[in-house]
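All remarks here apply to the structure that follows.
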Amino acid sequence: MSKIRTRFAPSPTGKMHVGNLRTALYEYLIAKHENGTFVLRIEDTDQERFVPEALDIIYNTMKLTGLNHDEGPDKDGGYGPYVQSERMKSGMYLKYAKELVEKGEAYYCFCTKERLENLRASSTTEDGKEIAKYDKHCLGLSKEEVEANLKAGVPYVIRQNNPESGTTTFHDAIYGDITVENEELDDMVLIKADGYPTYNFANVVDDHLMGITHVVRGNEYLSSAPKYNRLYEAFGWEVPEYVHCPIITDENHKKLAKRSGHASVEDLLEQGFLPETIVNFVALLGWSPSEDREIYSLKELEEVFDYHHISKSPAVFDITKAKWMNGEYIKAMDMESFLEYAIPIIREVVAKDYDLEKIAGLVKTRIEVFPDIKEKIDFFDELPEYDIAMYTHKKMKTDSENSLEVLKEMLPLLEAQEDYSIAGIEALCKEYIAKKELKNGRVLWPLRTAVSGKQMTPGGAYEIMEILGKEESLARIRKGIELLENA
RNA sequence: GGCUCCAUGGUCAAGCGGUUAAGACAUCGCCCUUUCACGGCGGUAACACGGGUUCAAAUCCCGUUGGAGUCACCA
């Protein structure tokens with residue numbers, strides 16, 4: 001069996017769609033699983049939609065996610081160039097298209113945009129839904145007429161010539177054999193009026209020339225697949241293994257689009273997802289491993305990935321589960337890497353001179369996504385306004401009255417206390433609790449409330465007081481006493 | 001609308017003729033605990049429907065219904 005070669009062929013038109021990333025990932029995994037070659041090819045045949053920054057986005061995301069290519073524009077493997085606009089310079093696409101024209105598998109078309117629009121309009125029903133295929137008008141042109149038009153410089157495109165009867169069958173690794181009536185096949189444009197090949201055509205030519213063995217694509221391309229097959233057949237080329245993946249949808253089961261808010265890798269990164277999570281999560285959309293397990297690094301995926309386990313039905317991108325997974329990754333992170341992500345965010349909320357690393361430690365197991373940190377630690381800089389009803393907690397058996405008592409009794413002890421480490425404060429509190437024969441909650445609840453002004457906090461009274469330090473802790477407790485007394 | 005594809009809990013999904021129909025997220029309850037979270041334990045919840053084939057169907061076939069994708073000189 002020949003060595004596997006896969007390719008990721010994005011067009012630089014904007015952000016990296018997660019569906020795109022998954023395609024790239026599967027291509028990468030199919031290749032790496034078999035020790036094959038993963039190539040990056042840039043499909044920039046649409047000059048109108050081309051956006052230069054998109055190139056950086058492509059390279060950056062691939063680097064960030066670890067999908068390193070073996071060949072590409074920046075890594076020649078002997079199949080270059082790897083950018084279609086560069087490949088076009090040699091006139092190769094046109095050459096191949098002409099070969100098809102000679103074989104009768106394609107033809108020149110001089111139809112104007114207006115004629116095509118009229119054609120469409122005339123075959124459209126009242127509800128504006130029915131769209132016709134090209135009527136092969138220019139197929140009827142004589143050789144002489146074509147020559148004359150070409151000589152006169154009339155703008156032209158080259159279209160595929162599909163038969164009007166019979167059927168075409170293509171095979172997909174996931175969906176099996178799919179057969180369609182040839183009369184359904186539109187004579188798609190191969191070479192555009194500007195001389196560039198269309199995506200469909202360049203794709204086939206380049207995949208062949210680059211020796212690509214497995215083609216992974218989203219199943220939105222399923223309906224155009226038969227036309228590809230005809231192209232391969234017309235050229236007499238071997239058809240690669242098609243692997244169509246199910247669509248990734250939003251919660252409404254519609255193709256994931258920008259408005260969902262998490263359609264691109266950039267969106268996800270901005271929302272505080274780790275690259276590892278994105279890769280892991282996206283791998284599991286439409287594919288599942290044979291063992292009962294969900295957390296996989298890229299390396300591990302390379303080992304277990306078997307594309308035959310890709311499923312057929314669409315998968316909803318469940319942001320809730322993605323967050324859970326991100327939380328798992330955060331918990332598993334070593335402190336050092338966690339701090340790199342967390343500290344900058346903590347700084348946004350905490351301006352005072354507290355030990356940010358300690359704050360980070362408090363929060364590490366309590367967040368799913370980095371921005372979650374903010375609202376959890378907003379009380380450090382400034383004690384929020386809070387209602388004294390917060391002192392009342394049924395389970396802790398506290399109310400505003402006994403809370404006041406506890407705070408008043410603890411205040412002098414805490415004033416006298418020098419050691420404001422967790423252990424120091426704990427020892428002090430425990431001693432008091434033991435002496436008074438109370439439950440922990442009876443005294444710790446009021447303390448934590450006074451010191452944080454919040455119902456829920458990361459860490460308990462000890463942790464918070466250690467970070468706040470003696471002076472601030474005492475100030476907040478006095479404030480609590482004052483509030484309770486004035487109630 | 002034509003064509004194509006798809007159909008197991010709210011979501012991701014295992015299953016590939018014989019199972020008490022896994023597991024995960026979410027949700028609910030309990031435990032742990034100074035709150036929340038983490039962690040642990042447990043619960044609720046699914047084979048769209050109708051016909052076949054078969055001793056036996058979530059699994060195979062047909063139909064219905066539902067959903068999606070696609071129908072560009074975009075990719």
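Being a predicted model, the structure only gives us computed values, none of them experimental. Keep in mind that the numbers below use all heavy atoms, side chains included, and drop hydrogens, waters and symmetry copies.
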Completion exercise
Protein-proximity profile, nucleotides 43-50 of chain B, B/S/- by nucleotide at the 4.0 Å heavy-atom cutoff, equals --------
Practice task
Let me have a per-nucleotide readout for nucleotides 37-42 of chain B, 5' to 3', with B, S or -, counting only protein heavy atoms under 4.0 Å.
Solution key: BSS---
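For A:Ser223, no side-chain nitrogen or oxygen approaches OP1 or OP2 of B:G69 to under 4.0 Å. Within the 4.0 Å cut-off from OP1 or OP2 of B:C6, at least one side-chain nitrogen or oxygen of A:Lys312 is found. Residue A:Lys255 places at least one side-chain N or O under 4.0 Å from the OP1 or OP2 atom of B:U70.
Closest to the A:Trp324 side chain, of the nucleotides B:U34, B:A14, B:A24, is B:A24. Listed nucleotides B:C73, B:A26, B:U11 differ in distance to A:Lys192; the shortest reach to its side chain belongs to B:C73. Side-chain proximity of A:Arg448 to the nucleotides B:U35, B:G69, B:C12 is greatest for B:U35. Nearest to the side chain of A:Thr457, among B:U35, B:A7, B:G69, sits B:U35. The side chain of A:Leu222 has B:U4 as its nearest neighbour among B:C25, B:U4, B:C73. Listed nucleotides: B:U70, B:A24, B:C5. Nearest to the side chain of A:Lys321: B:A24. Listed nucleotides B:G69, B:A26, B:U34 differ in distance to A:Ile247; the shortest reach to its side chain belongs to B:G69. With B:C36, B:U34, B:C6 as the candidates, the nucleotide lying closest to the side chain of A:Met456 is B:C36. Comparing B:G2, B:C73, B:G69 against the side chain of A:Glu184 picks out B:G2 as the nearest. Comparing B:C3, B:U34, B:U33 by their nearest atom to the side chain of A:Glu463 picks out B:U34.
At whole-Å resolution of the value, NZ in A:Lys394 and P in B:U35 are 16 Å apart. As a whole-Å value, the separation of A:Trp287 CH2 from B:A24 C1' is 14 Å. Whole-Å rounding puts the A:Asp187 CG to B:C71 C1' distance at 14 Å. When rounded to the nearest whole Å, the span between NZ of A:Lys376 and P of B:U35 equals 15 Å. Distance A:Leu284 CG to B:C12 P: 12 Å, rounded to the nearest Å. Rounded to an integer number of Å, the gap from CD of A:Glu251 to P of B:C12 is 11 Å. Whole-Å rounding puts the A:Met16 CE to B:A75 P distance at 18 Å. The NZ-C1' distance, from A:Lys227 to B:U70, rounds to 9 Å in whole Å.
Here the separation of B:G10 from B:U44, taken at their P atoms, is 15 Å to the nearest Å. Spacing of C1' atoms, B:G50 relative to B:G2, comes out at 27 Å, to the nearest Å.
Note on A:Leu285: only backbone sugar-phosphate atoms sit closer than 4.0 angstrom, heavy atoms only; bases stay farther off. Counting non-hydrogen atoms under 4.0 angstrom, A:Phe317 reaches nothing in the nucleic acid. Residue A:Gly441 is in sugar-phosphate contact alone, with no base atom involved, counting any heavy-atom pair closer than 4.0 Å across all strands shown. Residue contacts shown for A:Lys254 are limited to sugar-phosphate atoms, with no base heavy atom under 4.0 Å away. Within the nucleic acid shown, A:Ala315 comes within 4.0 Å of sugar-phosphate atoms alone, with no base atom in reach, counting heavy atoms only. Within the nucleic acid shown, A:Phe281 has no heavy atom closer than 4.0 Å to any nucleic acid atom. Within 4.0 Å (heavy atoms only), A:Val316 reaches sugar-phosphate atoms of the nucleic acid but no base atom. Among the atoms of the strands shown, none is found under 4.0 Å from any heavy atom of A:Gly218. Using a 4.0 Å heavy-atom distance criterion, A:Glu220 is classed as a sugar-phosphate-only contact. Within 4.0 Å of A:Thr45, counting heavy atoms only, lie sugar-phosphate atoms of the nucleic acid but no base atom.
Below 30°, between 30° and 60°, or above 60°: for A:Phe370 and A:Phe338 the angle between ring planes is between 30° and 60°, a tilted geometry. Taking the six-membered ring where the residue is Trp, A:His69 and A:Tyr59 present tilted rings, their angle falling between 30° and 60°. Relative ring orientation between A:Tyr232 and A:Tyr242 is described as perpendicular, the plane-to-plane angle rising above 60° on a 0-90° scale split at 30° and 60°. Taking the six-membered ring where the residue is Trp, A:Trp287 and A:Phe305 present tilted rings, their angle falling between 30° and 60°.
Nearest-nucleotide mapping onto RNA chain B: of A:Ile178 and A:Gln47, the residue sitting toward the 5' end is A:Ile178. Each of A:Ile191 and A:Tyr175 was matched to the nucleotide of RNA chain B holding its nearest heavy atom; the match closer to the 5' end belongs to A:Tyr175.
Taken to the nearest 0.5 Å, the CG atom of A:Asp46 stands 5.0 Å off from the NZ atom of A:Lys192.
Side chain of A:Tyr26 to backbone of A:Leu21: no donor-acceptor contact under 3.5 angstrom is found. No side-chain donor-acceptor contact under 3.5 Å links A:His171 to the backbone of A:Val239.
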Practice task
Applying side chain to side chain donor-acceptor pair (under 3.5 Å), run through A:Tyr156 and A:Tyr107 and close with a yes or a no.
Solution key: CA-CA 10 Å; A:Tyr156 69 91; A:Tyr107 57 94; over 6 Å; no
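Among residues two or more places apart in sequence or in another chain, the side-chain contact (heavy atoms from CB on, under 4.5 Å) test is passed with A:Lys258 by none.
With a cut-off of 3.5 Å on both Watson-Crick or G-U wobble distances, the partner of B:G9 is given as none.
A donor-acceptor contact under 3.5 angstrom links the side-chain atoms of A:Lys395 to the base of B:U33.
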